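On a predicted model such as this, the values are computed, not experimentally measured, just so you know.
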Amino acid sequence: MAVSTIPAVTATPRSGKFNKNAARRVRVAGQIPAVVYGAGQDSVAVAVDPKIITKILHSESGHNTIFDLDITGSGAVKAMIVDWQYEPIKGALLHIDLKRIAMDKTMRVSVPVQLVGIPTGVKNQGGILEQVIREVEIECLPADIPSHLDVDVTGLEMNQSIHISDLPHSGSIKYLDDEGLTVAHVTVIREVVEPTEAVAAEGAPTEPEVAKKGKTEAGEAAPAEGAKK
């Protein structure tokens, strides 16, 4: 499950103007600006510690992690990270959006799919394994959100596929994508065929085409010269 064991994230409310200069001052102070919304309550601008947010994003459950958010003066709520921005050059966190979570209401999330094992079609038949879908969208209660979904592909033979219908199913989660969609398959290795000399010769522009063009130009020029005489 994606419920976190990470200590509560402390959020300090922000006031005043919410422009680039104000955001820069928050970051200079060692925090990052954030917005908390959801659960039928007003949005609140806050500042949080980027180190603990980075720890959450890099955890096994990543952005699906549900943690305690302690907003100074308002008490603690359950929350998760729904959006974040990085500085493009140094990769530092610039801003995050946090959503309050009601633990008794279902929600939609995207969960990673992890392939487990080496298919027999790869090991014994010379094929390659291609993963077509890396995340699937599900609906479930917050406490039932899996960090990822494992699917065993060891029995997959050449030209066989794994579909969403083959992923782990339980009464706690509902798949929102078409269950017939291909998640992964074993296919043949496509060889790159180098053109032969004959093919290359046929495909390349040849002198006869140039000569033909020259003759046409000469033929068109000749009457003009004749007309001058």
Side-chain angles (χ1 to χ4, degrees), residues 1-6 51-67 80-93 96-97 99 101 106-204:
M1 297 189 301
V3 177
S4 173
T5 57
I6 293 174
K51 294 179 181 178
I52 191 167
I53 298 300
T54 300
K55 183 178 180 180
I56 292 171
L57 289 173
H58 290 172
S59 67
E60 184 180 7
S61 49
H63 64 88
N64 284 336
T65 303
I66 297 173
F67 52 88
M80 67 189 303
I81 302 168
V82 292
D83 194 16
W84 58 99
Q85 297 174 9
Y86 284 108
E87 196 277 328
I89 298 176
K90 296 182 179 179
L93 274 171
I96 61 168
D97 288 351
K99 183 178 180 180
I101 301 299
T106 60
M107 59 184 301
R108 296 184 176 191
V109 293
S110 293
V111 178
V113 177
Q114 293 187 1
L115 308 183
V116 179
I118 301 176
T120 184
V122 173
K123 187 185 298 183
N124 303 320
Q125 299 171 328
I128 59 172
L129 176 65
E130 290 185 343
Q131 185 168 359
V132 181
I133 297 176
R134 298 188 177 275
E135 285 190 337
V136 291
E137 189 176 14
I138 66 170
E139 183 178 77
C140 63
L141 289 170
D144 293 327
I145 300 174
S147 59
H148 59 272
L149 295 166
D150 288 336
V151 55
D152 187 357
V153 296
T154 53
L156 211 56
E157 298 184 359
M158 181 72 77
N159 299 321
Q160 288 187 339
S161 303
I162 292 288
H163 303 91
I164 289 180
S165 58
D166 299 310
L167 299 179
H169 282 60
S170 68
S172 61
I173 66 174
K174 175 185 177 182
Y175 290 93
L176 300 179
D177 298 306
D178 183 350
E179 297 224 349
L181 291 177
T182 298
V183 175
H185 58 189
V186 175
T187 184
V188 296
I189 299 175
R190 296 179 178 84
E191 295 183 358
V192 178
V193 179
E194 296 293 339
T196 61
E197 292 183 2
V199 172
E202 290 177 3

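- Across every non-hydrogen atom of T65 and S59, the tightest pair is OG1-OG, 3.3 Å.
- The closest donor-acceptor contact from the side chain of E157 to the backbone of Q160 lies at 3.5 Å or more, if one exists at all.
- Atom CD1 of I133 sits about 6.5 Å away from atom CG of D177, to the nearest 0.5 Å.
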Give the C-alpha distance, both sets of side-chain angles, the deciding distance and a yes or no for side-chain contact (heavy atoms from CB on, under 4.5 Å) between L57 and Y86. CA-CA 12 Å; L57 289 173; Y86 284 108; 3.6 Å; yes

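- Taken from CD1 in I164 to CG in L176, the straight-line distance is 9.5 Å, to the nearest 0.5 Å.
- Within the 4.5 Å cutoff, the side chain of L156 has no heavy atoms near those of the S161 side chain.
- With rounding to the nearest 0.5 angstrom, the CD1 atom of I118 is 10.5 Å from the CG atom of N124.
- Counting only heavy atoms from C-beta outward, the side chains of L93 and T54 approach each other to under 4.5 Å.
- The shortest heavy-atom contact between G117 and V153 is O-CG2, 3.5 Å.
- Here the CD1 atom belonging to I96 is positioned 3.5 Å from the CD1 atom belonging to I53, to the nearest 0.5 angstrom.
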Identify every side-chain donor-acceptor pair in residues 178-189 under 3.5 Å, counting partners at least two apart or on other chains, and give the distances.
{"from": "D178", "atom 1": "OD1", "to": "G180", "atom 2": "N", "distance (Å)": "2.9"}
{"from": "E179", "atom 1": "OE1", "to": "H169", "atom 2": "NE2", "distance (Å)": "3.2"}
{"from": "E179", "atom 1": "OE2", "to": "H169", "atom 2": "NE2", "distance (Å)": "3.0"}
{"from": "H185", "atom 1": "NE2", "to": "E130", "atom 2": "OE1", "distance (Å)": "3.0"}

Pair I81, I56 - check side-chain contact (heavy atoms from CB on, under 4.5 Å), show working. CA-CA 9 Å; I81 302 168; I56 292 171; 3.8 Å; yes

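- Between V151 and D166 the shortest heavy-atom distance is CG2-O, 4.3 Å.
- Minimum heavy-atom separation, P112 to S147: CD-O, 3.5 Å.
- When every heavy atom of V111 is checked against every heavy atom of P146, the shortest pair comes out as CG1-O, 3.6 Å.
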For a side-chain contact (heavy atoms from CB on, under 4.5 Å) check, start with the C-alpha distance between V109 and M107, then their side-chain angles and the critical distance, and finish with the verdict. CA-CA 7 Å; V109 293; M107 59 184 301; 3.9 Å; yes

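- Looking at heavy atoms from C-beta onward, T106 lies out of side-chain contact with C140 at the 4.5 angstrom threshold.
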Derivation of the side-chain contact (heavy atoms from CB on, under 4.5 Å) call for L167 and Y175: CA-CA 10 Å; L167 299 179; Y175 290 93; 3.4 Å; yes

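- Here S110 pairs with E135, E137 under the side-chain contact (heavy atoms from CB on, under 4.5 Å) rule; sequence neighbours left out.
- Summarising the geometry, atom CG belonging to D150 is positioned 9.0 Å from atom CG belonging to L115; distances are rounded to the nearest 0.5 Å.
- One N or O on the side chain of Q131 and one on the backbone of V113 form a donor-acceptor pair closer than 3.5 Å.
- Between the S61 side chain and the N64 main chain, no donor and acceptor come within less than 3.5 Å of each other.
- Remark: E139 pairs with R108 by the salt bridge (Lys or Arg N to Asp or Glu O under 4.0 Å) rule, at least two apart or across chains.
- Expressed to the nearest 0.5 Å, how far CE of M80 lies from CD1 of I145 amounts to 5.0 Å.
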